[in-house]
Amino acid sequence: MCGIVGYIGYRDSYPILMDGLHKLEYRGYDSAGCALVNPQGALNIYKAKGKVSSLECIATSRDCTGTLGIAHTRWATHGIPSEANAHPHVSESGNITLVHNGIIENYATLRSQLEKRGYTFKSETDTEVLVQLVEYTMSLHDEDLVTSVRIALKRVIGAYAICVIDRRHPEQLVCARKSSPMVVGLVDDNREYFIASDASPIAQYTNQMVYLKDEEVVVCERGQSLRTYNLNGEEIDPEVKEVDLDISMLSKGGYPHFMLKEIFDQPQVLRDCMRGRVINAPYSESPRLSVVLNAVTQHRRELLRARRLIIVSCGTSWHAGLIGKQLIEHFCALPTEVAYASEFRYSDSVIESDDVVMAISQSGETADTMAAMEMAKRKGAFVFGIVNTVGSSIARLSDTGTYIHVGPEIGVASTKAFTGQVTVLVMLALALGMAKGTVTQEEYEEVLEELTRIPDKIEKVLEQNEKIRKIAATFTYAHNFLYLGRGYNYPVALEGALKLKEISYIHAEGYPAAEMKHGPIALVDSEMPVVFIATHHQLYRKIVSNMQEVISRRGRILAIVTEGDEEIKEMVDDVIEVPSTLSCLVPLLSVIPLQLLSYHVAVSKGLDVDQPRNLAKSVTVE
Ligand code: F6R
């Protein structure tokens with residue numbers, strides 16, 4: 001939700017800021033803007049409704065000089081997407097300007113207090129209150145920028161990551177955060193600083209990064225060491241981390257869209273995800289293959305004493321959680337619940353100290369998931385994180401956890417993160433099952449052996465891309481879709497439906513196939529595509545019967561089947577085959593055609609696949 005970039009150093013800031021905004025555009029693209037202090041000390045602010053490219057159309061022909069600048073790409077919360085509501089916002093005097101990611105909950109109160117003191121507001125945003133408040137605080141206390149920001153923030157309720165500059169002090173840039181992410185990259189003995197909402201815009205310049213903690217305020221000054229304060233003004237030592245990001249992951253690598261690249265990246269990133277964890281020891285006695293997860297080894301005691309696991313997550317990560325429940329209950333005999341983080345955080349859930357709460361998140365910044373974890377921690381639970389983004393807030397908040405290591409996911413619709421999460425959940429269920437003695441040696445080895453074959457099998461599914469593209473092109477007329485599956489394929493049905501909704505704007509619902517008779521079947525007619533995920537596993541025959549019910553009502557069926565399934569091929573309009581595998585691993589294969597289907601339907605409809613309307617990649621507001 002909103003991306004922030006800042007730069008202070010000796011190079012022109014404009015190209016750095018624009019490059020950074022493009023990398024953060026996945027966080028929101030309702031409007032974009034930048035503020036640059038030119039060598040004469042003038043503050044140039046450019047803004048545009050829409051994407052960063054619209055901003056570049058306006059700004060590039062204007063004065064874009066200056067080695068100090070801040071920039072923003074917005075996902076609208078308060079106020080419609082418009083130029084007036086675009087950041088940066090400017091103080092009454094025109095000297096101070098600021099970009100913000102988050103929500104100021106008490107903005108209405110602050111705004112009316114400031115209006116009474118003569119401050120005027122030009123936007124409908126909560127952010128404008130912040131910049132006016134900083135200026136008002138400065139006028140009251142006659143303090144420097146960092147102190148004024150710090151004192152102002154003490155009056156703020158809500159979430160913020162901000163970058164602030166003062167035209168009169170072009171030697172410094174001030175940043176702060178609470179509940180919204182912010183990273184500072186340090187370069188060349190502090191000759192320059194790069195600031196961003198995540199490490200992706202910074203990685204090409206440095207691997208030395210400081211992740212701001214809640215209620216920290218930092219001052220970046222050319223040639224000076226980074227200074228960090230808490231809101232009370234006490235100086236804190238910043239913790240510098242070495243973060244190495246694979247920069248090739250941040251480009252489309254020849255694919256037309258990030259989403260397609262990320263779908264095709266899956267075989268390789270799943271190999272990466274297993275590397276060093278699924279260990280092959282061909283000459284050892286037994287087991288030949290084993291799984292080693294540091295989190296399980298180091299926190300064996302907390303995990304073994306768990307009486308219940310509660311998985312909290314949102315969206316696609318919640319779907320992975322539903323698969324995780326089946327895996328953990330099967331291999332570890334541990335009762336498992338899966339909750340939407342947004343519901344769980346406000347529920348009266350009884351949590352005991354021997355409960356383990358597991359948060360699953362690609363971004364590691366989802367506000368509801370974080371709040372659910374905080375609530376669980378307050379009630380004494382042990383918190384385990386399954387996260388993609390290294391160093392993210394959820395990773396840091398977890399008592400322990402496992403990264404999925406699939407590399408940055410840029411396409412707004414999650415693809416490789418889902419399969420990465422499921423892969424980690426399989427490894428975790430096996431490692432824990434082995435530690436508890438609830439999985440047999442034979443099954444453990446069989447599943448691990450098959451898990452290592454999954455990347456090759458995904459490659460076989462991806463070979464059908466062209467066939468799926470042709471099928472997808474015949475579905476652009478549809479207004480509704482049903483996705484049906486059972487057992488391990490039920491969460492896949494939910495995920496397939498979510499993908500289609502997100503990027504094709506076609507209404508789609510996922511259901512356990514047997515539930516169809518209890519209502520959704522009323523929707524079936526010749527216009528209604530029904531996607532059955534009907535691989536050769538649990539309850540296959542019953543799914544075939546459900547298909548007959550749809551066929552009798554002239555519904556149009558696309559079936560995802562196991563290779564060589566002639567029976568279903570005879571019955572239905574279209575089939576896509578996936579290689580045969582174990583039922584607990586089938587989501588890793590059956591989801592692939594559904595990702596490609598939604599991608600191609602959206603492309604056939606001429607839609608913006610990587611940046612679908614109204615969405616943002618990282619949902620840092622509740
Ligand atoms: C769907 C999607 C979202 C996210 C959800 C949780 O394609 O991307 O539904 O899965 O917002 O995000 P994370 O996993 O970052 O917590």
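Ligands are counted one by one from 1 in listed order, and the atoms in each one are counted from 1 as well. Heavy-atom basis, side chains included; hydrogens, waters and symmetry copies ignored.
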Practice task
Just go through E502, E409, Q595 and tell me whose heavy atom is the nearest to atom 2 (C) of ligand 1.
Solution key: E502

Practice task
List every atom of ligand 1 that sits less than 4.0 Å from any heavy atom of K499, numbering the atoms from 1 in the order shown and giving each element.
Solution key: 1 (C), 7 (O)

Exercise for the section: Could I get the full list of ring-ring contact (aromatic ring centres under 6.0 Å, His included) partners for Y403, not counting sequence neighbours? Expected result: H405

Problem - More than 12 heavy atoms of other groups within 6.0 Å of K501 NZ - result: yes

Problem - Greater than 12 external heavy atoms within 6.0 Å of E239's CD - result: no

Handout entry: Test: R556 cationic atom under 6.0 Å from F475 six-membered ring centre, within 45° of axis
Key = yes

Handout entry: Modelled atom types, side-chain donor and acceptor of H78 and Y107, under 3.5 Å
Key = no

Handout entry: T389 near ligand 1 by a heavy-atom separation under 4.0 Å
Key = no

Practice task
Decide whether an N or O pair under 3.5 Å exists between Q421 and ligand 1.
Solution key: no

Fill in the blank from the handout: Honestly, for V412 the part within reach of ligand 1 (heavy atoms, under 4.0 Å) is backbone

Handout entry: Taking every non-hydrogen atom, the tightest pair across H330 and Y488
Key = CB-OH, 4.2 Å

Fill in the blank from the handout: The atoms of ligand 1 lying under 4.0 Å from a heavy atom of A413, numbered in the order shown, are 7 (O)

Completion exercise
Here the gap from I310 atom CD1 to K325 atom NZ, rounded to the nearest 0.5 Å, amounts to 11.5 Å

Problem - Atom indices of ligand 1 within 4.0 angstrom of S361 heavy atoms, with elements - result: 13 (P), 14 (O), 15 (O), 16 (O)

Problem - Test of proximity, T369 against ligand 1: N or O pairs below 3.5 Å - result: no

Fill in the blank from the handout: G315 heavy atoms within 4.0 Å reach ligand 1 at atoms 9 (O), 10 (O)

Handout entry: Numbering as shown, the atoms of ligand 1 that approach S317 to under 4.0 Å (heavy-atom distance)
Key = 10 (O), 13 (P), 14 (O)

